[in-house]
Amino acid sequence: MAEENAFLKRLKNGGNLVVAEGYIFEFERKGYLQAGTFVPEVIIEHPELVRHMYEEFVHAGSEVVLAFTYYAHREKLRLIGRENDLDAMNRSALQMAREVADKHGCLMAGNISNTTAYVTDDPESHKKVEEIFKEQIEIAVEYNADYIVGETFGHFGEAMLALESIKKYGKGLPAVVTISAPATETLIDGVTLVDACKRLEDAGAAVVGLNCGRGPETMIPAIREIKKVCKDPVAALPVTYRTTPEEPTFFSLTVPGTKNRAFPLELCTCLCSRKQMADFAAQCRDLGVEYVGLCCGNSANMTRIVAETYGRSPPASRYAPAMEKHFIFGEKAKFKDAYTKDMRAHIGGDFD
């Protein structure tokens, strides 16, 4: 009798997983990845930093090490003349992910993504995209991924092709397929978000849902509708920015007080608060979302908040805020009264 897949076992009987995405934006902020191309050259140039980020997210509560192979595919590498690095880049990312996952008792996922090469009515582009998926999936299988993530698709057709490719080349590994929700409820090729998720579920995806594109406020309503029709586990992994019904995706956000587009270099002006992240995680928990996390804009402290809201106590929780110990904002009885009063008056504001 074949051993039950570890990923499916975790989700069995109402189980859930906290999953950190968002490596691209974190490395861009740190100065190791170029905004625009968003190609993860850091895997080759500074592999020790990739390993450290895997460790950082696990420390914060991620129960999956998602191999950093997003945009490490042939079409993206072609833009910067590094197609010959595809094999080494994917192998390095996957090997480190497997090692970190094994060290901490986590799952490890392979990763394929939107290719920027898919054209709805162009069969030749579909063949090219399948080859792109095939290359990455086969390497992920070699490194014993527990499952494969196909993510951030704006076309239903490309999402379905990703699922079909995982089934075809993935040696039976389960598939998580997530769509990047657009400003409307309809994908580029005319399929609605809800119908897309249902059709992917019916075609054999173990988990379906949304990632990237929308922030918490504008993703939750769509997740609520998806949960009504999908019976298998649903995924919700928004960007960490304050999208609104008027500006529903992080591409459409404007810098507060201006009409200037925030994406991608000024998105820091639109970052969600910690409380907003906790509220999002609580809504997902109450909706019964089984696969929860954060995408672009994610950081370790935000992953910790999601994990704690889902009842986890990761190592990072040891360092969760304890503002009652702060000499200005904490319990006055614990500090010298004269100093605290003077300091509160000096910085301004009513704290009582």
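Residue indices begin at 1 and follow the sequence shown. In this text the structure is predicted, and so the values were computed from the model without any measurement.
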List the atom of [X], the atom of [Y], and the distance in Å for their closest heavy-atom pair.
| X | Y | value |
| --- | --- | --- |
| D122 | S125 | O-OG, 2.7 Å |
| Y291 | V207 | CB-CG1, 4.0 Å |
| L237 | C295 | O-CB, 3.5 Å |
| P216 | V239 | CD-O, 3.3 Å |
| L200 | L163 | O-CD2, 3.5 Å |
| Y310 | A281 | CE1-O, 3.4 Å |

CA sep, side-chain torsions, deciding dist, call: I112, I166, side chain to side chain contact (heavy atoms under 4.5 Å, CB included): CA-CA 9 Å; I112 60 174; I166 294 168; 4.1 Å; yes
Ion pair [X]/[Y], N-O distance below 4.0 Å:
| X | Y | value |
| --- | --- | --- |
| E201 | K227 | no |
| R98 | D146 | yes |
| E225 | K198 | no |
| E130 | K168 | yes |
| K12 | E4 | yes |
| R51 | E55 | no |
| E63 | R312 | yes |
| R82 | E41 | yes |
| R29 | E26 | yes |

[Y] and [X], any side-chain heavy atoms less than 4.5 Å apart:
| X | Y | result |
| --- | --- | --- |
| L17 | V292 | no |
| V141 | Y169 | no |
| L33 | I24 | yes |
| L161 | E164 | yes |
| S62 | C106 | no |
| E138 | K134 | yes |
| N114 | Y70 | yes |
| S299 | E56 | no |

Can you see whether [X] engages [Y] through a side-chain donor-acceptor pair at a distance of less than 3.5 angstrom?
| X | Y | result |
| --- | --- | --- |
| E324 | H326 | no |
| N211 | T152 | yes |
| E21 | N298 | no |
| E308 | S317 | yes |
| T37 | Q34 | yes |

Out of curiosity, [X] [atom1] to [Y] [atom2], how far, rounded to the nearest 0.5 Å?
| X | Y | atom1 | atom2 | value |
| --- | --- | --- | --- | --- |
| S113 | E151 | OG | CD | 6.0 Å |
| I43 | S92 | CD1 | OG | 7.0 Å |
| R224 | C284 | CZ | SG | 10.0 Å |
| L253 | E247 | CG | CD | 5.5 Å |
| F133 | I148 | CZ | CD1 | 12.0 Å |
| I305 | M302 | CD1 | CE | 7.0 Å |

Give a yes or no answer on whether the side chain of [X] reaches the backbone of [Y] with a donor-acceptor pair at less than 3.5 Å.
| X | Y | result |
| --- | --- | --- |
| D189 | T120 | no |
| T240 | G297 | yes |
| N90 | L86 | yes |
| R242 | T269 | yes |
| Y118 | H126 | no |
| T69 | A72 | no |
| E290 | V234 | yes |
| Y54 | E99 | no |
| Y147 | A6 | no |
| R214 | T249 | no |

Within the 6.0 Å centroid threshold, strictly below: [X] and [Y]:
| X | Y | result |
| --- | --- | --- |
| Y71 | F38 | no |
| Y241 | F263 | no |
| F27 | F68 | yes |

Stepwise side chain to side chain contact (heavy atoms under 4.5 Å, CB included) check, E135 with H73: CA-CA 8 Å; E135 284 182 306; H73 59 64; over 6 Å; no
Evaluation steps, salt bridge (Lys or Arg N to Asp or Glu O under 4.0 Å), between K128 and E75: CA-CA 9 Å; K128 178 180 180 179; E75 181 66 14; 2.8 Å; yes
What about [X] and [Y], same hydrophobic cluster or not, with Ile/Leu/Val/Met/Phe/Trp/Tyr joined at side-chain heavy-atom distances under 4.5 Å?
| X | Y | answer |
| --- | --- | --- |
| Y32 | I80 | yes |
| L294 | V58 | yes |
| I188 | V119 | no |
| V255 | L265 | no |
| V100 | V50 | yes |

Heavy atoms from other residues, nucleotides or ligands near CZ of R285 exceed 12 (cutoff 6.0 Å):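 Count over threshold, so yes.
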Atom CG of D121: over 12 foreign heavy atoms under 6.0 Å: no
Test side chain to side chain contact (heavy atoms under 4.5 Å, CB included) applied to L210 and I179, step by step: CA-CA 5 Å; L210 306 179; I179 290 164; 4.2 Å; yes
Derivation and outcome, side chain to side chain contact (heavy atoms under 4.5 Å, CB included), residues F250 and C270: CA-CA 9 Å; F250 71 156; C270 306; over 6 Å; no
